[in-house]
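All values reported here derive from a predicted model rather than from experimental measurement. Side chains included, hydrogens not; waters and symmetry mates left out as well; all remaining heavy atoms used.
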Amino acid sequence: MSASGGLRRSVDEDTGVAVLTLDRPERLNAIDLEMAGELTAAWREFRFDDTVRAVVLTGAGERAFCTGLDRSAEVPQPGSPYMVDDPLIAIGPKANDLWKPVVVAVGGMACGGAFYLIGEAEFVVADETATFFDPHTTYGMVSAYESIYLAQRMPFGEVARMALMGTAERVSARRAYEVGLVSEVTAPGEALAAAVRCASVIASYPAEAVQGTVRACWAAQEASRAQALAHAGHLVALGNLPPQRQAELFSARRPDFRTR
C-alpha cells in the first residue's frame with residue numbers, strides 16, 4: 001500500500017490487480033491539482049509495471065466516488081477561446097496511453113469531472129447508494145468533456161437530460177444500469193469487492209489478449225470521440241460564465257433535487 005497526497009494505491013501481486021483510491025473524503029474526493037498530477041503519474045507508471053494486469057478505481061468514504069474538480073483549485077487561463085488549460089484532461093487511463101483494463105467502483109455521488117475517469121474505464125460497478133449527475137449548467141458552465149464521455153456509454157437523450165437538468169436531478173444506480181452507464185449494481189458498500197472480483201478474473205487471462213481486446217473495443221469509437229473532444233475546450237471557453245459569476249451561482253445553490 002502506498003499513498004501520496006490524495007491518492008492511495010495498492011497492488012495484489014498474486015492476482016495482478018491494482019486498486020487506486022481517491023482519498024479526499026473530507027472534500028467528497030474532489031480532484032485538486034496535486035491529485036490530478038498523481039493520477040497521471042499512476043496511469044503512466046502502470047504502463048511499465050507488468051505485475052499490474054488490471055486496475056480498479058474507487059473513492060474513499062461513503063458519501064462520494066468523486067465530485068469533479070475541487071472548486072478551490074486555481075487554474076489560470078489564456079485570454080483566448082482557442083487555448084484552454086483543462087486540469088482534468090490527463091487524469092484518465094486512455095489519455096495516458098494505458099490499455100490495461102480499468103474497472104470503476106462507485107458508491108455515493110459521482111458528478112461533473114468524475115466522468116473524465118468513468119468515461120475512460122472499461123466498465124462501472126455501482127452500489128445502490130450511487131447517484132450520477134452533472135452540475136455544470138446550473139452554475140453557468142458548459143458540460144462539454146463530461147457530455148462527450150457519457151455519450152460513448154449512454155443513449156443521446158439520457159446524456160442530454162443529465163447535462164441539461166444540472167443539479168435538479170440525480171440518476172440512481174438502478175437507472176444508470178438501465179441506460180448502460182453501469183454494468184452491475186450491488187448492495188451498499190459492496191461495489192469495490194465486486195469490481196475487484198471482476199478485475200481478478202480479467203487479470204487471470206493472458207495479458208496480450210486482454211490488452212488487445214481493450215484496444216479493439218476503444219478503436220470502435222475512437223474517431224468520433226477524438227473529433228468531439230477536439231471541440232470541447234473551445235465550447236467551454238466560449239460558453240462558461242466568468243468565474244466570479246459562477247461562484248455567485250454556486251453559493252446560492254439550492255439543495256433540493258429529485259432522484260430517478
Side-chain angles (χ1 to χ4, degrees), residues 1-12 17-49 51-52 54-77 85-98 100-122 124-127 129-136 139 141 145-146 149 167 188-193 195-196 199 243 246-247 250 253:
M1 177 76 71
S2 64
S4 59
L7 188 67
R8 283 190 285 120
R9 72 174 83 177
S10 63
V11 178
D12 187 327
V17 174
V19 176
L20 280 182
T21 304
L22 308 178
D23 193 16
R24 301 183 75 217
E26 73 286 353
R27 296 290 294 174
L28 300 178
N29 297 320
I31 300 171
D32 61 6
L33 300 185
E34 181 181 7
M35 184 191 281
E38 291 168 356
L39 282 164
T40 297
W43 300 126
R44 297 200 68 82
E45 289 171 16
F46 286 150
R47 294 173 71 236
F48 295 92
D49 187 348
T51 67
V52 173
V55 183
V56 173
L57 176 66
T58 193
E62 299 179 354
R63 296 179 62 196
F65 161 68
C66 177
T67 54
L69 180 66
D70 192 316
R71 289 191 61 84
S72 67
E74 295 185 7
V75 186
Q77 293 293 334
D85 286 343
D86 185 337
L88 302 185
I89 196 66
I91 64 170
K94 306 305 178 290
N96 289 285
D97 202 35
L98 178 71
K100 297 179 180 182
V102 177
V103 182
V104 172
V106 176
M109 293 182 288
C111 65
F115 297 125
Y116 285 68
L117 296 167
I118 290 172
E120 291 196 0
E122 272 54 67
V124 178
V125 177
D127 76 26
T129 71
T131 58
F132 303 83
F133 63 103
D134 189 347
H136 280 75
Y139 304 133
M141 295 179 283
Y145 292 97
E146 295 80 5
Y149 283 121
T167 60
E190 295 298 319
L192 177 57
V196 168
Q246 291 179 29
F250 189 81
R253 66 192 188 278

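Taking 4.5 Å as the limit, every side-chain heavy atom of T58 sits out of range of all side-chain heavy atoms of L20. A 4.5 Å side-chain heavy-atom check between L39 and L7 finds at least one atom pair inside the cut-off. Counting heavy atoms from C-beta outward, F133 and M109 have side chains that approach closer than 4.5 Å. With a 4.5 Å cut-off on side-chain heavy atoms, V103 and L57 do not count as touching. F65 places none of its side-chain heavy atoms less than 4.5 Å from the side chain of N29. Counting heavy atoms from C-beta outward, R71 and Q246 have side chains that approach closer than 4.5 Å.
The distance from the CG atom of D134 to the CE atom of M141 is 8.5 Å, given to the nearest 0.5 Å. Rounding to the nearest 0.5 Å places CD of E45 at 10.5 Å from CG of N96. The structure places CD1 of I91 at 4.0 Å from CG of L117, a figure rounded to the nearest 0.5 Å. Atoms CG and CG, from L88 and L33 in turn, are 9.0 Å apart once rounded to the nearest 0.5 Å. Put simply, CZ on F115 and SG on C66 are 9.5 Å apart, with the number rounded to the nearest 0.5 Å. A distance of 9.0 Å separates CH2 in W43 from CD in E120, rounded to the nearest 0.5 Å.
In terms of modelled atom types and a separation under 3.5 Å, the side chain of E122 and the main chain of V102 share a donor-acceptor contact. Of the possible donor and acceptor atoms, none in the side chain of T21 sits under 3.5 Å from a partner among the backbone N and O of A60. T129 places no side-chain N or O within donor-acceptor distance of the main-chain N or O of P188, the cut-off being under 3.5 Å.
Y139 and F250 have their aromatic ring centers within a separation under 6.0 angstrom.
The neighbour count for E62 CD, taken as heavy atoms of other residues, nucleotides or ligands under 6.0 Å away, does not exceed 12.
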Stepwise, does the side chain to side chain contact (heavy atoms under 4.5 Å, CB included) test hold for D32 with L69?
CA-CA 6 Å; D32 61 6; L69 180 66; over 6 Å; no
Q: For the pair D70 and S72, evaluate side chain to side chain donor-acceptor pair (under 3.5 Å) and give the outcome as yes or no after the intermediate values.
A: CA-CA 5 Å; D70 192 316; S72 67; 2.7 Å; yes
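Between E38 and R9 there is no salt bridge, since none of the side-chain N atoms of the basic residue sits less than 4.0 Å from a carboxylate O of the acidic one. Checked for salt-bridge contact, R44 and D97 miss the test: no charged N lies under 4.0 Å from a carboxylate O.
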